[in-house]
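The structure under discussion appears below in the form of structure tokens.
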There are 2 protein chains.
Amino acid sequence: MVDEAVRLIHAEGIAALTLREVGSRLGVSRSALYRHFADKDALVAAVALEGFRMLRAALREAWRTAAPGPRRLDGMGTAYVRFAVEHPSHYRVMFGADLAAMSETVAASDESVDAFQALVDGIVAQQRDGHLRPDEPKQLALYIWAVVHGVAMLALDGRLPPDVDVAALSGLANERLHTGIAR
Amino acid sequence: MVDEAVRLIHAEGIAALTLREVGSRLGVSRSALYRHFADKDALVAAVALEGFRMLRAALREAWRTAAPGPRRLDGMGTAYVRFAVEHPSHYRVMFGADLAAMSETVAASDESVDAFQALVDGIVAQQRDGHLRPDEPKQLALYIWAVVHGVAMLALDGRLPPDVDVAALSGLANERLHTGIAR
DNA sequence: ACCTGAACACCGTTCAAGT
DNA sequence: ACCTGAACACCGTTCAAGT
């Protein structure tokens, strides 16, 4: 069901995600879905949780494989935007207004908290090695998050001019971000 | 109708914006609204256009009243986030996924383009006075936009931890943003 | 345990009919 | 010109009934 929901959003957009269509594609009646999820919000939340799990893995992987040094955080920024661009259906559900109502539960989930923690961990490590300003790590993490989230949202919502390459903007953002927070 | 739509979103959330409720609050049948707007999207677009008009005015005003000098752009960043926080209903419609389908027309509107242009104008002026890196102004503007948009979206969607003050984060963002792009 | 089909209370939208 | 009321094709959700 979760996979089918993601495929449906990817193919037809988030507005086309209806329980009827999910059921139809799975060859089952719409009411049958209620045997597996409490309601539509629960299905959407499951997609969001899967997304946060994937994002967390992508961020940790980016940190792990990045060369140590002052630029080690850059990989996480690139990985974040790339995740959003490569998994727009997940990202839209994770941060869309549709989830705003029930966001408390999803935001409090281990998956979501851990994804953010991966960034905080990286910041603390870079501060320890003297590569980053000794600001409050959580505040700094929120700032970095806002930057990459802003780039991702503008890209996904088609708000960037057509001649602008997302990867190029992401690269520029990483450069200016780095200059702004480096020690 | 536009005012009533904004009031309704403000009071009940964007999901509660229905033509039936708007009509009911105006003491008129739902079908009567079609005499003034082609469909619901057209009403939503009108709210978005009003929002971009207000945002443009707020940005230009912030630039006009800011003290000249290297910090003159900071006021625009603060004004942007403040606009989003003070007019969440407008902002949500302007940048929400609901408008994504028809965003081409709204994004191409004078109101929207002018709001962005206000930022580009400020950047060019600051570069001329030697306060800013001589990067491509449009690219720089997109980066700054991403930063303030990211802060605004996280704040509006309730994604910030409860102990985080939006104004404080906006201030920190402005500081780090400035360091990253100053000459 | 899992599914179906009908029903209910909502949507946006259309259209003939009224003033 | 502007509005109404009924109708249509959609939603999510519930529930008695089936296997």
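Per chain, numbering begins at 1; letters A, B, ... match sequence-line order. In this text the structure is predicted, and so the values were computed from the model without any measurement.
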So that I can tick it off, tell me whether B:Arg53 and B:Glu50 are bridged by a salt bridge, with the cut-off set at under 4.0 angstrom between side-chain N and carboxylate O.
no

Between the main-chain N or O of B:Ala168 and the side-chain N or O of B:Asp165, is there a donor-acceptor pair closer than 3.5 Å?
yes

Determine, step by step, whether A:Arg183 and A:His131 satisfy the side-chain contact (heavy atoms from CB on, under 4.5 Å) criterion, reporting the C-alpha distance in whole Å, the side-chain angles of both residues, the deciding distance to 0.1 Å, and the verdict.
CA-CA 5 Å; A:Arg183 181 158 195 176; A:His131 295 135; over 6 Å; no

What's the verdict on ring pair (Phe, Tyr, Trp, His ring centres under 6.0 Å) for B:Phe83 and B:His87, showing C-alpha distance, side-chain angles and the deciding distance?
CA-CA 6 Å; B:Phe83 170 82; B:His87 303 96; 5.0 Å; yes

Under 3.5 Å donor-acceptor, B:Thr65 side chain and B:Glu61 backbone:
yes

Strictly distance-based, threshold 3.5 Å: is any side-chain N or O of B:Lys138 a donor or acceptor partner for the main-chain N or O of A:Val164?
no

Which label fits A:Tyr91 and A:Tyr80: parallel for a plane angle under 30°, tilted from 30 to 60°, or perpendicular past 60°?
perpendicular

Check this for me, if you would: do A:Glu175 and B:Arg133 make a salt bridge, where the nitrogen-to-carboxylate-oxygen distance has to be below 4.0 angstrom?
no

What stems involve DNA chain D, if each pair must be Watson-Crick or G-U and both of its distances must be under 3.5 Å, with 3 or more such pairs in a row?
C:4-8 with D:12-16, C:12-16 with D:4-8

List the atom of B:Ala46, the atom of B:Val2, and the distance in Å for their closest heavy-atom pair.
CB-CG2, 3.8 Å

Listed pairs, N/O of protein and of nucleotides 1-5 of chain C, under 3.5 Å:
unit_1: C:dC3; atom_1: N4; unit_2: A:Arg35; atom_2: NH2; d: 2.9
unit_1: C:dT4; atom_1: OP2; unit_2: A:Ser29; atom_2: N; d: 2.5
unit_1: C:dT4; atom_1: OP2; unit_2: A:Ser29; atom_2: OG; d: 2.9
unit_1: C:dG5; atom_1: O6; unit_2: A:Ser31; atom_2: OG; d: 2.6

Under a 3.5 Å distance rule, please check whether A:Ser170 uses its side chain to pair with a backbone N or O of A:Val81 as donor and acceptor.
no

Could you list all N or O pairs between the protein and nucleotides 9-11 of chain C that sit under 3.5 Å apart?
unit_1: C:dC11; atom_1: N4; unit_2: B:Arg20; atom_2: NH2; d: 3.4

